[in-house]
Structure formats: C-alpha cells, structure tokens
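Below is one structure; the comments refer to it alone.
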Amino acid sequence: MRSSLAVVMIAMLAGVFLCGCTQSAYVNPDEPDALGGTGIDSQDVRSVVQEMARDLVGADCIANAEHRPVIAVLPVRNDTAFRIDTDLFTRQLRNMLIKHAGSKVTFLARDRMAAVQYEREAKRGGEVSSSGEKQVFGADYFLTGTLLGLHKSAKGKRSDYVYYSFELIDAESSAVIWANDYDVKKVGKRGVLYR
Amino acid sequence: MSRCGPARVGGSPSSTGVDGSRAGRALSVIAALLVVVLFIAGCAASRPEGVKEYYAGEYQAARDIYTEKMDTQPNSAALYALLLGTLELTSANVYEARECFIEATGIMDSFAAKGEAGAVVGQEASKEYKGDPYERMMAHWYLGLVDYMLGDYDKAIPDFKAAALADGGSGEERYQSDAASVFLMLAKSYQAIGASDKAAYEFQGAVAVENPSLAGVPLAEIVCEASDPSNNLLVLVGLGRGPFKYRSGEHGRLAKIGRHDYPERTAWVYIDGHRIGRTQTIEDIYFQASTRGGRAMDAILAGKAVFKDLTAAAAAEAFDDAWDSSKSQEKRREALVGGILLTGVSTLISAEADIRSWETLPDRIQVLLARVEPGEHTVGIRFFGDSAPLEGMNASASGVDFQAGRETVFYVRARRGGAWVSPLQCGAVEMPGE
C-alpha cells in the first residue's frame, strides 16, 4: 500500500516537472497575474486611470466650463525604475474621458500632427477633396503626469513605491488648475535559488 | 504470474509471495524514480552554446544557435536572448538588439520561477535562468544603452535605474551601487531630457562609487567631460571576453567565476586620422561578477551535497547487509532493495552548480567623450595592448555626420566590430584584419 502511494507521489512529482508545456489563457486585467514581481501591472494602470478620470470629469474646469475646453495630452514622464510605455496612461485616460465626458471636452491628437498637416496641405493644394477648411485647434489645457519611484532591493527581496501624479496645466498661463495623485507600494521576493 | 516468479528462491509459499510482491513494488518505485531522474537530470548544467562561434566572428552560425536554443531550451531563453542581443548590437542591428534585451530582462525581472522545485532536488540548471546580479545589471545597462543610442531617453532612464538596482541589491553593502557606468549613463540620459539637477546628482554618484577595480581611473575627469554639453561624441568600447563560470568543490557544487586573458588594454580614437583621445575604463565586469559573495544558492548546494553523501553511504551499508550471510534471506532481500532505492535517491540528488552565464559580455567597458567639429568625418578606433597597437584591431566609420548639440554614439567591441548611432543614423563599424 505504502509502495503504491510512493509510486503515485513520484508520478505526481514527475507530472510537476512535466507540466512546463505551453499554455495561455485570458485573464482579468484588473487582477494580479501569476508572474509576481513588484512592477507596474495592468491593474495599477487601470486603477490610476479610473481614479484620475473620475476626478477630472468632476473638476470645476471641466464640469462647469463656460465653453468646451480643448485639451492636449503630453507624454507622461516616467522617473521610476520600471520600463513601461507611458502611453498606456495617457491613451486610457483620454479614451475614458471621451467616453464619459465626450460632450464636455475636446482632445487634440497632437501626436498625429504630421498626418494632419499633410492632409491639410493636400486639400488646399487640390490633390484631394475637401469638405471645408478648419483652423487647427490650440490647446486650452495640457493634461500630463509624472511617475516617481522609490526602490529598494536586498538579497532577493524587493520593495517598490510608485507615485503617480497627474495634472491639468493652463496652456496660456502655465497654472496648474487640477491635480490628483495615486500611490502604490509593493514588496516581493525572489525564490530562494535566485537570491 | 511474473511478479511471483523471480522471488521463488526458498521459504514458505506465502512468504515468498509477499516478498515477490514487495520486490515488484520496489522495482516499480525504482522505475518511477528513474523516470523522475530522467526529467530532472536530463537538464544538463552546461555553459551556453554558440559562444565559440561569436568570438570566431561566425555570426550567422551563432545567431542560428541562439535562435534555436531560445525555442528548445525555455529555461535558458533569457540567456540566449542576451547572447543574441550582444550579437545583434555587435552587428549594428540596434533595433533587433533592443528586442532581445527587452525579452531577456522581462524574464530576468519576473519573480515567477519555473523549475525551481526541480532545482532544489536535481540539477540547478533545471531552473529558469534569470542571471546573477551582475548579469541583470548588464542586461538593463545594455537595454539602456540601446535606448540611449536611439534617442529614447525616457526609456533609458528606467533602464539605467533598474541596472543600478540590480547591482546595488546584490548583497554585500560595500559593493552596492558601485557601477560607475550605470550612474554615468543615467546622468547623461537625464542631461538629454534637460533634467540638469538630476543629471548633476547622478554624475556625482558616478564619481563617488567605491570600486577598487577603478582605482587610478580619473572618474572626475571622465564625468567632467560627460557633463560638458559641447561634447558631441560618445565612444564606448568593450574589451576582452567577459567572465565565465566553472564548477568547483565536491560534486561540483560551487560555481566560480573565471576570467579570460586578452591583449587589448585601451583604444585610441581618431577623427579624420587625427588622434583625439584614449578610452578609459568605466566598468570592470569581471569585478562586478566576482564580488557578489556567497549567494543563498551556495548554501543549498552544500546541503544537497551532504544529503547526497549520506544517501550514498547508507546505500553502501545496505549492500553490505545484503551480502551478509549471517542475516536471514528476507533481511538480505530488503537490504538489497533498500540499497538500490538509496542509490537511486543519491543519483537523483544533484549538487552540481549552474554554470550558465552571459559569456559574450566584454571584460571591461571603456569610454571617451570629445567634441568634434560639425560636418562629415571619418572616425577611427585603434586598439592597443600594454604598449603597442594591436594588428588587425582597427575600426573605422566614414561619412559620420556630426552636428553641434547632437550627440553621436559609438559602441564598438574589440575585434568584433560594433554599432555607431546618432539619432536617425545607424551603421556598422568595420573591423578588418580578423
């Protein structure tokens, strides 16, 4: 009986070593994944963006604006030790604001200005058709942010504090008319063989 | 029928039946153990392949090996991505190099550990390769360098910060953050985005590193040149072959760091044939690799070695009992089965250290910063030994467009060629005479 049990256990052990086969699955981006680590994860990005968007929609400069404000998104500056694409924040934030407050704000696609200019010139040159000329909008506000980090690591243990700060800047006066922040601290450790 | 047959050597029919059943089950256990041994011990701990081809300049052969190994050896995927990244950078394929370093650092930074349970019992190399602290530091450093070369300073900053963290978090306090090259490049990245305060802070960090391998290196002078915005030429050269690992101690349970000998000591840089300066050491990678002290892994390996010795000794004792005619037939049979089992367990326990390492790193990194008049120039790099120039080790790039206020970056590997990049310009440095 014991020997049979041993065989079963050893077979299970072999199974553990064998289960390195490739697998993939859809997971909820709001939940942590199995890879661990203390870096910036999808749930951090989504939480930050939701918090910022909710607050910004209700901000006086948007909710009670006399005319529809025009906003240009500037790249988020990443001063942490995590190599991430900060467009993840700006794109999601912009899209969420358009989704929930699209009638109250206008966003500028400043990162597509080259294509806009090219098209405008082609229209004005008669190379392509035109449905009417418009002026390129100037921005009332810049929406941008900064990611700052405090990182510690010793003997396989790791601690990371990331501070997310977003602000709306008056494009005429440079005054910061809205700001909000969010912070996350994570600790973790590597497996014993990797310390 | 067969499970009772072999055991029918005497005694009562009932006891023979029981013994035969036991022996059969024991054999099943042994067979199952052997299966496990095959899966664990099958992952032979060895140095990476394709290194010889890289140093022989057989780049396509090396590339084929690395690409194939990334698919067929998933536990070494990060290592082969690093090897491929080095190769691509040496071949001036800067974008491809960046992809490789991104892939490698993604695996190395992950806390998930495939094969760790197996490595505790079996070969240490059965665990997923994530590199030693110096390898993690250099992986982030090279990723940062490539981002810097491509003008992507917003990515270079976190890369160099991650490199500093990988180095600083590696153990003994006095060696924390002693990587001058990391601070230097982090400072230059800050400088490039106009964050002058942060740049100044990191430049100070580069000067302040306590690193005995840089004794005699004029770090303050290098930093002074690096912080001068009128300098528009940055040359980084990699000298020699980087550190490698070999096994030592009983059962090969310890991984030690070896250093290759190589002739090049420095490089002189020429603009249109005129000598403008000599490169200075900013990083000693062998020093970084060999000053980590005992990792937790050493202790585990030592414990495994003791356990391996104990099981082997117990097996020998069991076999002695099996041959002892003064003992009963049943006791001798049990001793024999026990001896075989213990031998299997002893074989299963592997204390051999993991000697996989990033062997295509250079041994040293040197740097030169200088100001070049705007316009097209030919840049020459000539490597020197202790006193004389080394034949066949000249690199050159012609038609390099220098501009005021725009930095041109060269990364050259001694003997192997390299990349020169300024924003929107990529090219290969020719290195004839191999």
Side-chain angles (χ1 to χ4, degrees), chain A residues 1-22 32-40 75-87 146-160 162 186-195, chain B residues 21-22 24-26 28-29 31-33 35-36 38-40 74-75 102 105 109-122 124 126-128 130 140 143-144 147 154-166 168-171 173 176 190 193 195 198 295-297 300 354:
Chain A
M1 186 66 184
R2 279 181 188 165
S3 298
S4 302
L5 198 62
V7 172
V8 171
M9 286 178 72
I10 290 165
M12 284 172 68
L13 191 61
V16 169
F17 290 110
L18 276 171
C19 68
C21 48
T22 307
D33 55 41
L35 293 175
T38 56
I40 297 170
V76 170
R77 190 165 147 194
N78 175 19
D79 209 356
T80 71
F82 300 120
R83 190 181 197 281
I84 58 161
D85 191 339
T86 54
D87 280 357
T146 306
L147 275 53
L148 299 165
L150 276 176
H151 311 281
K152 288 192 288 183
S153 174
K155 294 178 180 171
K157 293 176 183 168
R158 174 108 182 210
S159 162
D160 292 283
V162 179
K186 296 180 189 176
V187 292
K189 60 184 178 182
R190 290 178 175 273
V192 68
L193 296 188
Y194 294 102
R195 292 178 203 170
Chain B
S21 171
R22 260 189 211 153
R25 280 197 294 267
S28 302
V29 172
L33 271 170
V35 169
V36 177
L38 279 174
F39 284 114
I40 297 174
N75 280 348
I102 287 172
T105 51
D109 289 344
S110 163
F111 280 21
K114 279 193 284 184
E116 192 175 22
V120 171
V121 181
E124 195 194 345
S126 64
K127 74 176 194 247
E128 186 171 35
K130 290 179 186 289
H140 283 288
L143 180 55
D147 281 329
D154 285 332
K155 293 279 195 321
I157 288 168
D159 295 336
F160 291 124
K161 281 192 168 189
L165 201 62
S170 57
E173 286 290 329
Q176 284 191 354
Y190 275 129
I193 62 165
K198 291 192 174 185
R295 291 180 301 130
M297 190 67 231
I300 286 176
D354 184 0

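Residue numbers begin at 1 in each chain, while the letters A, B, ... track the order of the sequences.
Here the closest non-hydrogen pair linking B/L165 and A/H151 is CD2-CB, 3.6 Å. Nearest heavy-atom pair, A/A81 versus B/A162, reported as atom, atom and distance to 0.1 Å: O-CB, 3.6 Å. The nearest pair of heavy atoms linking B/D147 to A/R83 is OD2-NH2, 2.5 Å. Among all heavy-atom pairs drawn from A/I84 and B/K155, the shortest one is O-CE, 3.8 Å.
Only the side chain of B/Y190 comes within contact range of chain A, judged by heavy atoms closer than 4.5 Å.
Residues B/I157 and A/D79 meet the side-chain proximity criterion, which asks for heavy atoms closer than 4.5 Å. Side-chain contact check for B/I193 versus A/R77: some heavy-atom pair is nearer than 4.5 Å.
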